[in-house]
Amino acid sequence: MDSSESPTETKKTKSKTPRKNKETVLKQKSPAEFFAENKNIAGFDNPGKSLYTTVRELVENSLDSAESISELPVVEITIEEINKSKFNSMIGLIDCERVDAELYDDYETEKAREKRLAKEARAQEIQAKNAALGKKVKETPASKGIRGRGEASFYRVICKDNGKGMPHDDIPNMFGRVLSGTKYGLKQTRGKFGLGAKMALIWSKMSTGLPIEISSSMRNQSYISFCRLDIDIHKNIPHVHVNEKRENKERWHGAEIQVVIEGNWTTYRSKILHYMRQMAVITPYAQFLFKFVSDAPEKNVTIRFSRRTDVMPPVPLETKHHPSSVDLLLIKRLIAETSKQNLLQFLQHEFVNISKSHAERLIGEMGPDFSPKMALKSLTPQQLVRIHQLFRQAKFDDPNGHCLSPAGEYNLRLGIIKELHPDMVATYSGSAQVFEGHPFIVEAGVSIGGKNVKQGLNIFRFANRIPLLFEQGADVVTRTALKRINWSSYKINQLQDKIGIFVSIVSTKIPFKGTGKEYIGDDITEIASAVKVEIVYFLLYQFHIILKVNNIKVLFLQYSIQQCCIQLKSKIVKKMQAREQQERKRNLSKYIPDATGAVYNVLKDMAETQLHASKKFRYGDDDGELLRKVYENLITKETLSEKLAKHVEQVDYEMALEYATQSGVSEEPREAIYIQPLETENKIIDLHSPFFVFRMFY
């Protein structure tokens with residue numbers, strides 16, 4: 001009995017042994033793995049958007065690289081379509097025919113095929129009847145085959161520039177390690193996440209498994225660095241296939257990046273071309289060459305965006321933090337990284353707008369536990385909280401905008417003229433303003449008419465000199481243009497005129513909304529005190545605009561657009577006056593024959609009546625002479641008509657001269673001229689104006 005029960009008891013004992021639940025195991029993800037699983041955050045929502053984002057990231061990296069060495073950018077971007085057979089040969093896969101057709105997602109049953117063919121036959125029959133009745137016939141769309149989920153499209157994206165290049169040993173980490181780069185710091189940057197081409201490499205690994213290829217050379221470097229690599233997503237480290245140095249015979253400097261990804265050119269073709277066009281607007285000093293290459297020649301696209309000027313904006317400068325913009329965590333990090341030893345030096349040298357005397361006053365306000373000479377390492381967590389609280393409560397001077405690099409009113413105007421060819425354009429660049437301790441500058445342009453511009457409002461948005469193409473409806477620029485500007489007061493028809501609205505905002509921190517960072521919110525209310533009272537009163541009383549004064553970004557943005565409208569209004573009024581003058585002249589000339597006939601008949605009757613009655617003219621010498629000439633046919637209808645036409649011309653000329661004198665405007669025909677830079681070693685000085693740049697050679 002005992003011996004028979006022992007195995008059972010043993011089994012029960014084993015079954016009661018607690019097992020470790022897998023859910024309780026602590027796991028960790030690398031940055032690369034996180035972005036691979038949440039690729040939509042970085043703009044890789046779908047294959048089409050991924051192709052667009054890859055092009056954008058590579059182009060912006062190229063511009064940053066060239067501008068960092070003050071080199072006029074030359075960027076070549078090529079998208080090469082790769083068919084299925086070519087892609088399979090690239091990865092070493094042999095094409096094979098389908099064995100079980102029903103296994104595939106695009107399989108069409110016999111019944112479905114008959115139904116589709118019957119539908120197409122009915123459509124053709126209806127079109128034949130409409131054609132027989134003389135009705136307008138729509139073209140029959142081409143029959144689309146069923147496309148399966150696995151039938152992907154692949155593209156090779158190549159971007160080449162003349163920029164700074166990359167050090168040979170740094171290339172693997174610059175492309176194969178997420179959240180590592182040279183652009184981190186408090187300054188104006190084009191990037192929105194700091195990922196750049198790294199996310200394109202991650203998408204390439206997810207969709208094709210092929211590595212990225214990088215060729216790079218720096219100035220005066222005798223070799224070209226060539227690197228082929230991919231990324232270990234789980235470890236966030238580069239996996240280098242080839243890393244070698246090649247001879248640089250042409251002394252080329254810059255970078256060339258090639259990556260093969262899954263994409264959708266058909267869906268995102270217009271977005272990519274719009275992006276390139278808007279980038280040409282905001283960077284008229286750059287030269288772009290865009291190519292799309294396909295096996296079908298009719299699908300090929302080649303567009304060159306020529307350089308319009310050689311005046312480049314200054315390079316953005318890295319700046320220090322403003323006390324009102326830091327949080328507790330940032331204060332701790334700055335203390336850990338600073339080389340300063342005591343609190344006075346730390347406040348004076350690690351923040352902007354804190355002088356020595358101001359720092360001493362702040363330390364005195366912190367309390368008896370603080371002193372100027374106290375060591376930073378001795379600060380307790382409570383004392384750090386006190387410093388943070390004082391930073392939020394104390395008053396500091398606003399940071400200036402010297403660290404920012406806007407496109408410039410001159411470049412913005414040139415870019416609009418170069419790409420849109422408008423009838424009229426006005427631009428305005430405001431002074432630096434502040435949002436949450438970060439300076440920002442708003443530039444605006446408004447154009448009327450132009451090439452490839454639709455009727456109504458055409459809004460072009462830029463943040464840190466990069467175009468924003470998505471989520472336009474919620475953006476502060478769109479809402480301001482649609483709801484806060486009374487276009488009719490500036491003689492602009494919002495529905496019928498072709499209106500281009502260009503707004504560029506640069507800042508050390510763009511207040512994007514949403515995970516995609518594609519629009520700027522319309523609800524910023526933190527810095528009303530930064531608005532100058534003069535601007536507010538100018539808007540409220542001159543333009544009768546009812547606004548919330550605490551909405552600085554919207555207020556300043558609206559002010560910028562209004563300044564452009566004011567410039568355009570004067571041009572439009574002058575154009576209307578000239579049109580009215582021409583219409584008045586046309587009307588006067590129209591009635592010259594009738595007026596001439598009436599006057600001549602009256603004069604003839606007067607002459608005949610007086611002659612028959614008394615045989616002598618009873619009028620003065622001049623009047624009598626006139627009647628005598630009419631009677632003797634020395635003055636005819638044609639003579640009077642010619643004299644009257646000359647009088648109309650003389651009056652019109654005098655009015656035009658008076659108008660030009662008063663307005664100071666000459667409406668002579670003008671032609672665009674392109675001045676090539678002189679190939680000399682002379683030193684130059686550029687004197688900038690919103691409308692031109694005067695260059696002196698010495």
Side-chain angles (χ1 to χ4, degrees), residues 31-32 35-36 38-68 73 75-80 155-161 163-166 171 173-184 188-208 210-216 229-231 238 254-265 268 271-276 278-280 282-283 286 288 290 462-470 510 512 515-518:
F35 281 105
N38 301 276
K39 57 184 183 296
N40 60 301
I41 295 178
F44 287 75
D45 307 53
N46 52 65
K49 183 78 175 293
S50 300
L51 179 63
Y52 162 80
T53 306
T54 299
V55 171
R56 190 197 69 192
E57 292 286 358
L58 295 181
V59 169
E60 291 165 11
N61 282 351
S62 296
L63 290 173
D64 285 336
S65 178
E67 291 174 4
S68 66
V75 182
E76 298 178 9
I77 187 82
T78 303
I79 302 176
E80 179 186 349
Y155 302 88
R156 177 186 283 110
V157 182
I158 307 171
C159 185
K160 184 178 181 180
D161 62 64
K164 180 181 180 180
M166 294 164 281
I171 292 177
N173 284 329
M174 293 179 75
F175 285 87
R177 194 183 298 273
V178 175
L179 300 184
S180 65
T182 59
K183 297 182 182 179
Y184 295 115
Q188 173 190 327
T189 58
R190 280 194 173 94
K192 295 187 291 187
F193 292 98
L195 295 177
K198 303 180 187 70
M199 194 62 213
L201 175 56
I202 292 175
W203 173 244
S204 174
K205 189 174 181 65
M206 295 174 66
S207 58
T208 68
L210 293 173
I212 191 172
E213 294 184 356
I214 305 105
S215 299
S216 175
L229 60 88
D230 62 18
I231 184 173
E256 181 178 3
I257 301 172
Q258 297 188 30
V259 60
V260 179
I261 61 172
E262 180 185 352
N264 190 332
W265 167 256
Y268 275 77
K271 286 290 185 183
I272 294 174
L273 295 181
H274 284 163
Y275 169 83
M276 295 302 300
Q278 293 189 30
M279 185 59 83
I282 201 66
T283 55
F288 298 99
F290 177 84
F462 305 92
N464 279 351
R465 306 212 310 264
I466 62 172
L468 303 178
L469 269 64
F470 297 91
I510 298 292
F512 288 113
T515 56
K517 294 189 175 183
E518 288 290 349

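Any value given below was found using the heavy atoms of this structure, including those in side chains, with hydrogens, waters and symmetry copies removed. Just so you know, residue 1 is the first one in the sequence shown, and it goes up from there.
Between Ser65 and Gly165, the shortest heavy-atom contact is OG-N, 3.7 Å. Annotation for Met279 and Pro467: closest pair CE-CD, 3.6 Å, computed over non-hydrogen atoms. Nearest heavy-atom pair, Ala36 versus Met206, reported as atom, atom and distance to 0.1 Å: O-CE, 3.6 Å. Shown here for Ala42 and Thr53, the closest heavy-atom pair between the two residues is O-CG2, 3.5 Å. Nearest heavy-atom pair across Met276 and Phe290 is CG-CD1, 4.2 Å.
The shortest distance between side-chain heavy atoms of Ser216 and Ile171 falls below 4.5 Å. Leu201 places none of its side-chain heavy atoms less than 4.5 Å from the side chain of Val259. Counting only heavy atoms from C-beta outward, the side chains of Gln188 and Arg465 approach each other to under 4.5 Å. Between Val75 and Cys159 the shortest side-chain heavy-atom distance falls below 4.5 Å. Using a 4.5 Å heavy-atom threshold, the side chains of Leu51 and Tyr268 count as separate. Looking at heavy atoms from C-beta onward, Ile231 lies in side-chain contact with Val178 at the 4.5 angstrom threshold. The closest side-chain heavy-atom distance from Phe288 to Leu63 is below 4.5 Å. In this structure the side chain of Met174 reaches within 4.5 angstrom of the side chain of Met166, judged on heavy atoms.
Partners of Ser50 by side-chain contact (heavy atoms from CB on, under 4.5 Å), not counting sequence neighbours, listed by chain and number: Phe44, Trp203. Shown here are the side chain to side chain donor-acceptor pair (under 3.5 Å) partners of Thr208, two or more places apart in sequence or in another chain: Ser204. When the side chain to side chain donor-acceptor pair (under 3.5 Å) test is applied to Thr54, no partner is found at least two apart in sequence or on another chain. Every side chain to side chain donor-acceptor pair (under 3.5 Å) that Asn61 has, sequence neighbours left out, goes to Lys183. In this structure, Asn46 has no side chain to side chain donor-acceptor pair (under 3.5 Å) partners at least two apart in sequence or on a different chain. The side-chain contact (heavy atoms from CB on, under 4.5 Å) check on Gln258 picks up Arg156, Ile158, Glu213, Glu256, with sequence neighbours excluded.
Note that CD1 of Ile466 and CZ of Arg190 are 8.5 Å apart. Values are rounded to the nearest 0.5 Å. Considering NE2 of His274 and CD1 of Ile272, their distance stands at 11.5 Å, rounded to 0.5 Å. One finds the CD1 atom of Ile77 at 9.0 Å from the CD1 atom of Ile257 (value rounded to the nearest 0.5 Å). Here Phe470 contributes atom CZ and Leu468 contributes atom CG; the two are 10.5 Å apart, rounded to the nearest 0.5 Å.
Between the Tyr155 side chain and the Trp265 main chain, a donor and an acceptor come within less than 3.5 Å of each other. Side-chain atoms of Asn464 come within 3.5 Å of backbone N or O of Thr189 as a donor-acceptor pair.
Heavy-atom neighbours of Lys164 NZ from other residues, nucleotides or ligands within 6.0 Å: at or below the threshold of 12.
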Stepwise salt bridge (Lys or Arg N to Asp or Glu O under 4.0 Å) test for Glu518 and Arg56:
CA-CA 13 Å; Glu518 288 290 349; Arg56 190 197 69 192; 3.6 Å; yes
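A cation-pi contact, defined as under 6.0 Å to the ring centre and within 45° of the axis, is absent between Lys198 and Phe35.
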